[in-house]
Amino acid sequence: MQDIFIISDNITSPIGLTTAENFASLTKNVSGVTLHNDLNLSDQPFYASLFDHAHEFISNHNTFTRFEQLLIASITGALKNSGIDCADNKTVLIISSTKGNISLLETNEFDPALKKRIAMHTSAKMVADYFGFSNQPLVVSSACISGLLGIITGKRLIQSGLYENVVIAGADIISKFILSGFESFQAISPEPCKPFDTNRKGINLGEGAGTVILSSQKKHAKGIQLMGVAVGNDANHISAPSRTGEELGFVIKTALRNSAFTAADIDLISAHGTATLYNDEMEAKAITTAGLQSVPANSLKGYYGHTLGAAGLIESIISIKSLKENLVLPTMGFEQMGLESPIHINNTLAHIPLQNCLKTASGFGGCNAAIIFSKK
Amino acid sequence: MSIKNHITASCAISKGAVYKNGEPVFANPDADLTGFLLSVYQYLTLNYVRFYKMDNLSKLGWLASEILLKDSFHAEKYRPEETGILLTNSNSSLDTDLKYVQTIRDIPSPSVFVYTLPNIMIGEICIRNHFKGETALFVFERFDALFMEQYVNNLMNNGILQACICGWVELLENKYKAVLFLVEKKANEQTNIFTAQNMIKLFQIENI
């Protein structure tokens, strides 16, 4: 199996337009989650991490929707100084999103033109053409694991020998469609979210984009390596996580085995930690099943909200930055342990020597994913 | 890649007809979409109440998986984690997205909203069959058999999966098409080698 390295990344979010800006905001305990009164999104005030309406992601954006502009801004940031030639036939683009341009349905009459415009492959092609990618882009849409699944797909494509470089970008824009859906599930927290806390009341939604670039080229071998990955399904329920966490636990153990690691090799866990009652409990059980209950774990949802198709990418990029800086970030919103099977939720900014990090995600449809990153 | 995998079963549902391993097994060309999907369910003589809760895309994908696996898949050969599902389509969950948008104007419906993700149909097939292996949903403008061949062979030949259900499940308003392949390592009497060419042949079946 070929070694694969993360050679560049970008986060574009309400708390920063580069990975460095984002990480600086996190270390200063800056959150993007604020109270919004926006009747275009919801009849009631709600907490979320949203871009300012006036924020322009790129100049000359006439043909692109906000979703596509956000992707372009993030990909531009990741490509800068990466040495990647998008036109190279060994390079491909993967887009991860849960709902893409869905907001267009709220304001436009549905007709064949809108059908084409709203399709995620249309957005992917437009974004790929903007950067001059010669290969057809791929679109991954698997609920809240989409971001991690994009990275995993990238790894699979490189290891099958098809490509040497993969640019993976994920984004979602929060629309009334998405917010009303989570509200109808009574999954939205009436206050800033509190992952793993005893008083957690649900999620905050968030906007953002993340891009990572994977490469098998040996010149990148001194950096961050993408180690074992795994994907699985609960086969239990379409909108509720497994009660036992056994399936996510299995996925974590598979990722460890594929890295030739044991639980003792993991120094940091970047959890999904959505702050719903059931997700956080399930995740804690899975982490315990995998023998990782004493490893420092955090959730970044208190800073970003749940950024859906971008979440796995944004949170992976922050984990990688943590590895590089030997700095574990706190879990904003966490005060008091609220888990039946307690794990080590980190709630301070801690300087610890870090080598290997586990990133997990779970989503509707019963899907689970895990990825391990290693500092070389 | 030198290791060959095999299409040990296939199922196609399109234009009011159902095909198993390339042969027509059921047709109801005059029914509307709802009536057609229900008639395929009744043809299978099953009692699975979850079916009635599903959106049309999940119904279509789930019915295709039932026909694909019936008499062809031997669950006892595999652990739950060894079977995976890779599906593709063009319009994601747009059929149900359009219905959900209508409910927002009145009372947003959680039971409609949950189906506004295309991977939910994969979850439905996993629940039914206790499949716990790797799953993914990719959105393509049209069925990309070559991608499917390369991607699934990589999963099968690197020990990530021992069996894989893959294919195309697309449904928007009254137009629909599902073509699924069961990919396994060992050949059987129905076997086609798992290649893009053989997938394309089975994909175009309703035109024959």
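A, B, ... follow the sequence lines: proteins, then strands. Residue 1 opens every chain. Bear in mind that the values here come from a model prediction, so they are computed numbers and not experimental data.
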Counting heavy-atom pairs under 4.5 Å with chain B, which one of [options] comes out on top?
{"options": "A:Ala143, A:Ser239, A:Gly366", "answer": "A:Ala143"}
{"options": "A:Thr153, A:Leu157, A:Thr254", "answer": "A:Thr153"}
{"options": "A:Gly181, A:Ser146, A:Ala230, A:Ala119", "answer": "A:Gly181"}
{"options": "A:Ser142, A:Gly232, A:Gly100", "answer": "A:Ser142"}
{"options": "A:Leu105, A:Val251, A:Asn368, A:Val140", "answer": "A:Leu105"}

>> If you define the side chain from C-beta out and look only at heavy atoms, does anything of A:Lys176 sit under 4.5 Å from B:Ile104?
In response: yes
>> Within the 4.5 Å heavy-atom criterion, are B:Ser92 and A:Met120 side-chain neighbours or not?
In response: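 The answer is yes, as the side chains (C-beta and beyond) meet within the 4.5 Å cut-off.
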> Are the side chain of A:Lys115 and the backbone of B:Asn91 linked by a donor-acceptor contact shorter than 3.5 Å?
Replying inline: no
> Just by distance, do the side chain of B:Asn129 and the backbone of A:Ala235 share a donor-acceptor pair under 3.5 Å?
Replying inline: no
>> Nearest 0.5 angstrom please: A:Gln159 CD to B:Asn157 CG, how far?
In response: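 Taking CD in A:Gln159 and CG in B:Asn157, the distance rounds to 13.0 Å.
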> How long is the span from the NZ atom in B:Lys132 to the CD atom in A:Glu247, to the nearest 0.5 Å?
Replying inline: 3.5 Å
For [X] against [Y], the heavy-atom pair lying closest together:
{"X": "B:Ile120", "Y": "A:Gly365", "answer": "CD1-N, 3.5 Å"}
{"X": "B:Val139", "Y": "A:Ser141", "answer": "CG2-CB, 4.4 Å"}
{"X": "A:Leu149", "Y": "B:Ala136", "answer": "CD2-CB, 3.7 Å"}
{"X": "B:Ser109", "Y": "A:Ser184", "answer": "C-OG, 4.0 Å"}
{"X": "A:Phe182", "Y": "B:Phe113", "answer": "N-CE2, 3.8 Å"}

> For the candidates B:Asp97, B:Val101, B:Ile85, which exhibits the highest count of non-hydrogen atom pairs separated by less than 4.5 Å from chain A?
Replying inline: B:Asp97
>> With chain A as the partner, which of B:Thr135, B:Val112, B:Leu98 has the greatest number of non-hydrogen pairs under 4.5 Å?
In response: B:Leu98
Does atom [atom1] of [X] have more than 12 heavy-atom neighbours from other groups under 6.0 Å away?
{"X": "A:Tyr278", "atom1": "OH", "value": "no"}
{"X": "B:Gln102", "atom1": "CD", "value": "yes"}
{"X": "A:Lys125", "atom1": "NZ", "value": "no"}
{"X": "B:Arg142", "atom1": "CZ", "value": "no"}
{"X": "B:Lys77", "atom1": "NZ", "value": "yes"}

Can you say whether [X] sits under 4.5 Å from chain B via the side chain, the backbone, both, or neither, judging by heavy atoms?
{"X": "A:Asp234", "value": "backbone"}
{"X": "A:Ile238", "value": "both"}
{"X": "A:Leu162", "value": "side chain"}
{"X": "A:Ile118", "value": "side chain"}
{"X": "A:Gln136", "value": "side chain"}

Sort [X] into side chain, backbone, both or neither according to what part of it lies under 4.5 angstrom from a heavy atom of chain A.
{"X": "B:Ser58", "result": "neither"}
{"X": "B:Arg105", "result": "side chain"}
{"X": "B:Phe131", "result": "backbone"}
{"X": "B:Leu172", "result": "side chain"}

> For the residue pair B:Tyr100 and A:Phe177, does the interplanar ring angle fall in the parallel (under 30°), tilted (30 to 60°) or perpendicular (over 60°) class?
Replying inline: perpendicular
> Do B:Glu81 and A:Phe250 pass the side chain to side chain contact (heavy atoms under 4.5 Å, CB included) test, and can you show the C-alpha distance, the side-chain angles, and the key distance before you say yes or no?
Replying inline: CA-CA 9 Å; B:Glu81 295 82 8; A:Phe250 184 88; 3.1 Å; yes
>> Quick one about A:Lys99 and B:Ser93 (side-chain donor to acceptor, distance below 3.5 Å, no hydrogens or angles considered), yes or no?
In response: yes
> Between B:Glu134 and A:Arg156, is there a salt bridge with N-O shorter than 4.0 Å?
Replying inline: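 Judged by the 4.0 Å cut-off on N to carboxylate O distance, A:Arg156 and B:Glu134 do form a salt bridge.
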> side chain to side chain contact (heavy atoms under 4.5 Å, CB included) between A:Leu138 and B:Phe147: does it pass, once the steps are laid out?
Replying inline: CA-CA 10 Å; A:Leu138 286 170; B:Phe147 168 82; 3.7 Å; yes
